[in-house]
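A short write-up of the structure that comes next.
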There are 2 protein chains.
Amino acid sequence: MTPLTFPANSARATMDDVARLSGVSLKSVSRVINGEPHVSANLRAKVEAAIAELNYVPDAAARSLAGSRTFIIGLLLDNPSPHYTMKIQKGVYNVVRSHQYHLRIDNVDSTVPDEQFSAQLEALIRNNRCDGFVLTPPLSDNLLLLDFLEARKIRYVRIAPALDNARGPGIAIDDAAAAAAMAQHLWDLGHRRFAVMRGPASHMAAARRRDGFIAELERLGSATPIIDADGGFSFEGGIAAGETLIAQSPRPTAVFACNDDSAAGVMAACSKAGLKVPDDISVCGFDDSWIARSVWPYLTTVYQPIEEMGQAAAALLLRRDEQEGKISQLGFQLVIRDSTAPPRQTQG
Amino acid sequence: MTPLTFPANSARATMDDVARLSGVSLKSVSRVINGEPHVSANLRAKVEAAIAELNYVPDAAARSLAGSRTFIIGLLLDNPSPHYTMKIQKGVYNVVRSHQYHLRIDNVDSTVPDEQFSAQLEALIRNNRCDGFVLTPPLSDNLLLLDFLEARKIRYVRIAPALDNARGPGIAIDDAAAAAAMAQHLWDLGHRRFAVMRGPASHMAAARRRDGFIAELERLGSATPIIDADGGFSFEGGIAAGETLIAQSPRPTAVFACNDDSAAGVMAACSKAGLKVPDDISVCGFDDSWIARSVWPYLTTVYQPIEEMGQAAAALLLRRDEQEGKISQLGFQLVIRDSTAPPRQTQG
DNA sequence: TTGTAGGCGTTATCAA
DNA sequence: TTGATAACGCCTACAA
């Protein structure tokens with residue numbers, strides 16, 4: 001019934017065409033398309049047949065002009081890592097498209113003064129509304145943004161929020177539990193002297209990882225104080241802070257970095273200092289980002305389902321029912337690769 | 001005149017409001033908004049004042065329903081590296097937004113059979129047209145896609161096209177010249193025995209880099225045959241192929257990889273084999289991607305202005321004048337870091 | 001140089 | 001359960 005190839009230049013069918021072909025009114029066609037109740041099965045069948053025959057698809061512009069929906073979901077981005085961003089974007093995209101929606105991208109810069117930031121937001125929604133935004137970190141915790149959206153009754157879902165959990169719906173993982181799992185892994189290998197490379201103070205999730213790691217070690221009975229340093233979430237920061245950490249005496253036998261980039265920095269610092277990973281020292285990260293498999297040895301890390309988080313966020317946004325400030329947690333996974341091993345006997 | 005804060009819930013002004021306030025007709029307002037000719041300075045001033053006072057912005061949905069433009073630019077993506085994609089995306093975004101356009105993202109999978117691929121394309125443009133697409137590699141060289149768009153008279157600009165240059169407008173760099181510059185750099189350092197890590201056969205730009213590198217060496221007077229191997233553009237591939245290359249006897253003193261990822265793989269292979277970079281062997285890459293500064297030592301590479309390419313592509317698309325198949329070339333830059341150095345005296 | 005009338009393709013309001 | 005008819009906000013003829 002539906003022709004396999006659709007002539008490129010044939011004029012697109014409109015609702016009028018469908019109504020005429022099926023012999024019903026315009027409004028009835030509209031009802032069928034939007035799945036409204038109070039439509040007889042007979043009428044619905046007729047309309048659907050006509051739609052199929054004409055290869056009809058509703059026009060998005062007309063729909064959003066006449067109605068309240070735009071069939072567009074916005075993804076709000078603010079300089080996270082390319083790897084992270086693309087994963088989120090892909091997850092959001094797939095769900096959005098499967099619902100016949102489109103994905104719009106918007107970048108903002110949240111490091112500017114409040115007034116400028118507000119102006120950016122104004123500009124975004126001025127001439128082209130969308131049906132909701134997916135917020136990525138650090139925007140997920142930007143109170144100014146949340147206020148702005150709520151004042152305009154624009155729906156949003158936050159990814160990896162760390163703040164104000166009652167504020168709006170969100171998707172996250174249990175950072176503390178994931179860090180604890182890593183602590184357990186190192187403990188089981190026999191490590192007893194640890195160092196933590198924390199992230200920048202602004203990154204709330206990093207603090208949770210650090211705290212979760214340390215809390216678990218204390219629970220397991222770690223006696224030694226656990227030193228830490230700020231790796232700034234970057235490779236360069238990881239090198240600098242890593243050099244500090246491995247210069248301690250006695251040297252820690254294992255370093256847990258709160259993200260993969262700074263973990264790679266620690267590995268570079270070890271390499272410069274002549275320490276072999278994992279023989280002389282174990283190093284592990286967090287994220288299972290692309291760099292985890294782009295260093296040698298491959299990095300032991302925590303996988304967080306970033307793409308799935310994007311999917312879940314989009315799905316939440318597309319479900320029109322109002323959900324008040326519920327944060328859904330997704331699972332994580334310990335990924336044990338080659339950068340962690342039992343400590344040397346002489347040191348153990 | 002323009003209020004600094006704009007009440008969140010005030011109804012948005014329409015063209016009607018502007019017309020009424022400025023005491024002119026609807027059409028005149030339209031003329032001013034669209035910068036049409038034949039408008040007196042006086043009238044224009046009145047209308048612009050009213051627009052400012054009412055904080056008016058045209059409604060995108062109404063505009064695209066009534067007119068032919070949608071004020072949306074699509075970015076067509078197909079699994080390139082996150083780093084590359086995000087750079088392009090950012091460049092396109094900035095230009096698009098500065099023209100009051102919005103950016104729509106569309107992913108396709110070009111590895112599927114032709115029929116499925118066409119179906120994907122159909123789905124993309126069925127219910128929501130856009131004013132043009134920016135095509136990223138490898139889609140820039142996808143003939144099926146180009147045919148599809150041309151048949152529907154949809155404008156596009158190709159990024160880094162390697163094929164069929166007369167086909168449609170595009171933005172690129174001179175890959176061969178960039179690779180030649182790298183050859184010159186290594187030659188000047190004193191290297192005389194080279195290896196090339198080429199990319200996958202499907203990536204046309206990689207072949208140009210390899211060929212350009214070799215051609216330049218021959219021009220410089222290289223006598224030794226230049227060995228090469230396929231690094232698959234990936235870190236893993238780089239390790240495997242790198243092991244082959246450095247096992248040659250006599251060993252090459254410099255390895256040029258056609259992208260950074262496989263260059264990092266070469267460095268890992270060297271590390272495994274006990275070779276120090278750059279003391280024992282020089283390694284260089286291409287792209288100046290993020291990994292170039294996430295390895296130790298930092299990678300010597302070629303910077304290509306990816307973000308600018310995105311900008312240029314968007315700018316080309318937004319200029320409505322018809323440009324037939326012109327490829328604009330942007331500049332590249334040699335980035336000399338720590339992974340290249342003169343060869344050891346004993347080997348030189 | 002300016003203005004008037006009609007239409008773009010859909011949803012929403014009412015009445016039947 | 002269905003269907004006329006009027007918006008939605010703008011642009012494109014065409015006329016003045």
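Note on naming: letters A, B, ... go to the chains in the order of the sequence lines (proteins, then strands), and numbering restarts at 1 for each one.
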B/V134 vs B/V96, side-chain contact (heavy atoms from CB on, under 4.5 Å): CA-CA, chis, key distance, verdict: CA-CA 11 Å; B/V134 173; B/V96 155; over 6 Å; no

Does [X] reach a base, just sugar-phosphate, or nothing at all? Heavy atoms under 4.0 Å.
{"X": "B/L43", "answer": "sugar-phosphate"}
{"X": "A/M15", "answer": "base"}
{"X": "A/D16", "answer": "nothing"}

Would you mind telling me which of [options] lies closest to the side-chain atoms of [X]?
{"X": "A/P58", "options": "C/dT10, C/dT2, C/dG9", "value": "C/dT10"}
{"X": "B/V39", "options": "C/dT10, D/dC10, C/dT2", "value": "C/dT2"}
{"X": "B/S40", "options": "C/dC8, C/dT2, C/dT10", "value": "C/dT2"}
{"X": "A/S28", "options": "C/dT2, D/dG3, C/dC8", "value": "D/dG3"}
{"X": "A/A62", "options": "C/dG3, C/dC8, C/dT10", "value": "C/dT10"}

Report the distance from atom [atom1] of [X] to atom [atom2] of [N], rounded to the nearest whole Å.
{"X": "B/N34", "N": "D/dG9", "atom1": "CG", "atom2": "C1'", "answer": "13 Å"}
{"X": "B/R20", "N": "C/dG3", "atom1": "CZ", "atom2": "C1'", "answer": "16 Å"}
{"X": "A/R69", "N": "C/dT11", "atom1": "CZ", "atom2": "P", "answer": "7 Å"}
{"X": "A/D17", "N": "C/dC8", "atom1": "CG", "atom2": "C1'", "answer": "13 Å"}
{"X": "A/K46", "N": "D/dT1", "atom1": "NZ", "atom2": "P", "answer": "15 Å"}
{"X": "A/R129", "N": "D/dG9", "atom1": "CZ", "atom2": "P", "answer": "11 Å"}
{"X": "A/R63", "N": "D/dA7", "atom1": "CZ", "atom2": "P", "answer": "23 Å"}
{"X": "A/K27", "N": "C/dA16", "atom1": "NZ", "atom2": "C1'", "answer": "15 Å"}

Most 5' of B/I33 and A/V24 on DNA chain D, judged by nearest nucleotide: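 Residue closer to the 5' terminus by nearest nucleotide: A/V24.
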
Residue whose nearest DNA chain D nucleotide is more 5′ - A/N42 or A/L26: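 Looking at DNA chain D, the more 5' nearest nucleotide goes with A/N42.
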
base_contact_polar (C/dT1 base, B/R31 side chain, donor-acceptor, <3.5 Å):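 By the distance-only test, no, there is no pair.
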
Within 45° cone and under 6.0 Å: A/R158 NZ/CZ vs A/Y156 ring: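 No, A/R158 and A/Y156 do not form such a contact.
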
Which residue lies more 5' along DNA chain C, comparing B/G67 with B/R44 via nearest heavy atoms: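 Going by which nucleotide is closer to the 5' end, it is B/R44.
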
B/L65 vs B/G23, nearer the 5' end of DNA chain C by closest nucleotide: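 So the residue in question is B/G23.
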
Lys/Arg-Asp/Glu bridge criterion (N-O < 4.0 Å) met for A/R167, A/D141: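 No, this pair does not count.
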
salt_bridge(A/D17, A/R12) N-O dist < 4.0 Å: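 Judged by the 4.0 Å cut-off on N to carboxylate O distance, A/D17 and A/R12 do not form a salt bridge.
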
Heavy atoms from other residues, nucleotides or ligands near NZ of B/K46 exceed 12 (cutoff 6.0 Å):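 Yes, enclosed.
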
Hey, does the side chain of [X] come within less than 4.0 Å of [N]'s phosphate (OP1/OP2), counting only N and O?
{"X": "B/S30", "N": "D/dC11", "value": "yes"}
{"X": "B/S64", "N": "C/dC8", "value": "no"}
{"X": "A/S25", "N": "D/dG3", "value": "yes"}

Point-to-point distance, once rounded to the nearest 0.5 Å, from CD1 of B/I159 to CD1 of B/I88: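 Result: 3.5 Å between the selected atoms.
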
